[in-house]
2 protein chains.
Amino acid sequence: MEKVKRTLGRSYGQFCGLARALDVVGDRWNLLIVRELLPGPMRFNELMTSLGGIATNLLTERLRTLEAEGIVERRLGEAGVRYALTPWGAGLREPIEAFVRWSAPLMMTGRDGGSFQPRWLAVALPALLREVTADPALEIGFEVEGALMVLHVDEDGPRVEVEPDRRPDTILKAAPEIILGLAADALTIDQALAAGHLRGDIQILRSILPPGRATAATTPDPR
Amino acid sequence: MEKVKRTLGRSYGQFCGLARALDVVGDRWNLLIVRELLPGPMRFNELMTSLGGIATNLLTERLRTLEAEGIVERRLGEAGVRYALTPWGAGLREPIEAFVRWSAPLMMTGRDGGSFQPRWLAVALPALLREVTADPALEIGFEVEGALMVLHVDEDGPRVEVEPDRRPDTILKAAPEIILGLAADALTIDQALAAGHLRGDIQILRSILPPGRATAATTPDPR
DNA sequence: CTGCATCCATTTTGATACTG
DNA sequence: CAGTATCAAAATGGATGCAG
């Protein structure tokens, strides 16, 4: 029989923008699903493995809810179903980027066994480098955990492309925590080089990163 | 036997800024508690009534967790315990304001029986009026649901003061949905006046609000 | 393979009653 | 005022099953 049920997560019942936003995307996993889709559409199983640990029924239910809310849309292509953000759903980039900036101190405690997906950097780097511009435009390749991505910087700001069509001239190899430390200005280029965690031509890097404070060794943990 | 300590909300276990932020403030009620505290410190019972419906044990547990994370601090004054944001906790204003802007379409569907607290406007108005500046500075009083607050706008942008020390010269009376509609540019001043939902000297209002598009009657619901 | 649906043990939440 | 204690209901996390 049909399920009439439909509490779709409890509503806070408040006439407040934050509360209404959380009514829609506040349930567990929802914002992480949006984060996954920000760099581009994905299939169900890609979401499963990238999110790591979400149960199949939950992912199904979340995608259905997000679709009903107008945040995610199903695209039926020749290769099967792909999930993509609607324009309104892509607007969640702003609060997500704000969270990424706010949480920078939490990242400086190190990776600590957490899982990692290169595409997360495609979200984090523009968030952390928000005010960086370059004219003429430049691009830097990053090879992280075997995946290649390209950071484009022009007068409008930074943008990251995953799985680029062509390889950029400059490619840096580094661990994710090094890239993040540099972008969050919690680590200097010299420190990264000295530790042997950064390889490649770093001249372009110097041009876009702030001079870098030598405070990286101090505890950035706010607690 | 002693409680061995529980898992303090399940961690996503991801090396990602968004995931780590949600590990810390992603649990139900947490961001709403931060929203309450953004305009200023509050006591336990004030939080209870303003949040409307949170169980006492949950509020206790959330405040403890937020305190342990360094987001909230207990202040023991002569009048008892008050809860306040730490500087790092106050940094959540950015993602919260981004959510408020993103959710504007959800607010245009009307109040719909939701609860409302005037202090929520102290968060929403600066979020929606972010890019508005004024030189020389100006101030407008708002009387909403019996509470008075003052919107200050100067060259740095907007800021709202709740329970101001002195009454401003100009005071507007309006329902919350009208104020929000105007600030979100989904409603024109003329529409609000024509509907009789706005009373007071609106000359200053015109100076800070954009001309206003006449599209307010069209459905703003993104779904 | 992909995209789910069902079952079930464990957690988390919400509502209420009660206390220093 | 500022919480504790208790308990039923709901959400979550895994495992497994299954059709196209």
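Proteins get letters first, then strands, A, B, ... in listed order; numbering begins at 1 in each.
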Atom [atom1] of [X] and atom [atom2] of [N]: how far apart are they, to the nearest Å?
X	N	atom1	atom2	answer
B:Asn30	C:dT13	CG	C1'	13 Å
B:Leu76	D:dC1	CG	P	16 Å
A:Met42	C:dT2	CE	C1'	14 Å
B:Glu61	D:dA5	CD	P	14 Å
A:Leu47	C:dC4	CG	C1'	14 Å
A:Arg75	C:dG3	CZ	P	15 Å
B:Phe44	D:dC1	CZ	C1'	9 Å
A:Leu59	C:dC4	CG	C1'	10 Å

Would you tell me if any nitrogen or oxygen in the side chain of [X] comes within less than 4.0 Å of OP1 or OP2 on [N]?
X	N	answer
A:Arg28	C:dT12	no
B:Arg43	D:dG3	no
B:Tyr83	D:dG3	yes
A:Trp29	D:dA11	no
A:Arg62	C:dC4	no
A:Arg64	C:dG3	no

Give, for atom CZ of B:Arg101 and atom CG of B:Leu129, the distance between the pair rounded to the nearest 0.5 Å.
10.5 Å
B:Glu46 CD: over 12 foreign heavy atoms closer than 6.0 Å
yes
Just checking A:Arg111: does its CZ atom have more than 12 heavy atoms from other residues, nucleotides or ligands closer to it than 6.0 angstrom?
yes
Minimum heavy-atom separation for [X] to [Y], with atom names?
X	Y	value
B:Pro168	B:Gly141	CG-CA, 3.5 Å
A:Leu32	B:Leu22	CD2-CD1, 4.0 Å
B:Ile54	B:Met48	O-CE, 3.5 Å

When the C1' atoms of the five terminal pairs at each end define the local axes, what inter-axis angle does the helix from C:dC1-D:dG20 to C:dG20-D:dC1 show, to 10 degrees?
30°
Of all residues at least two apart in sequence or in a different chain, which pass the side-chain hydrogen bond (donor to acceptor under 3.5 Å, both in side chains) check with B:Glu36?
B:Ser50, B:Trp120
Taking the side chain of B:Val81 as its heavy atoms from C-beta onward, which of D:dA2, C:dG3, D:dT4 lies nearest to it?
D:dA2
Check whether the side chains of B:Glu61 and B:Thr65 place a donor and an acceptor atom closer than 3.5 Å, and report yes or no.
yes
How would you summarise protein contacts on nucleotides 14-20 of chain D per nucleotide, using B for base, S for sugar-phosphate only and - for none, with heavy-atom distances below 4.0 Å?
BBB----
A:Arg75 with A:Glu73: basic N within carboxylate O range, under 4.0 Å:
yes
Report yes or no: is the cationic atom of B:Arg74 (NZ for Lys, CZ for Arg) under 6.0 Å from the centre of the six-membered ring of B:Phe44, at an angle within 45° of the ring normal?
no
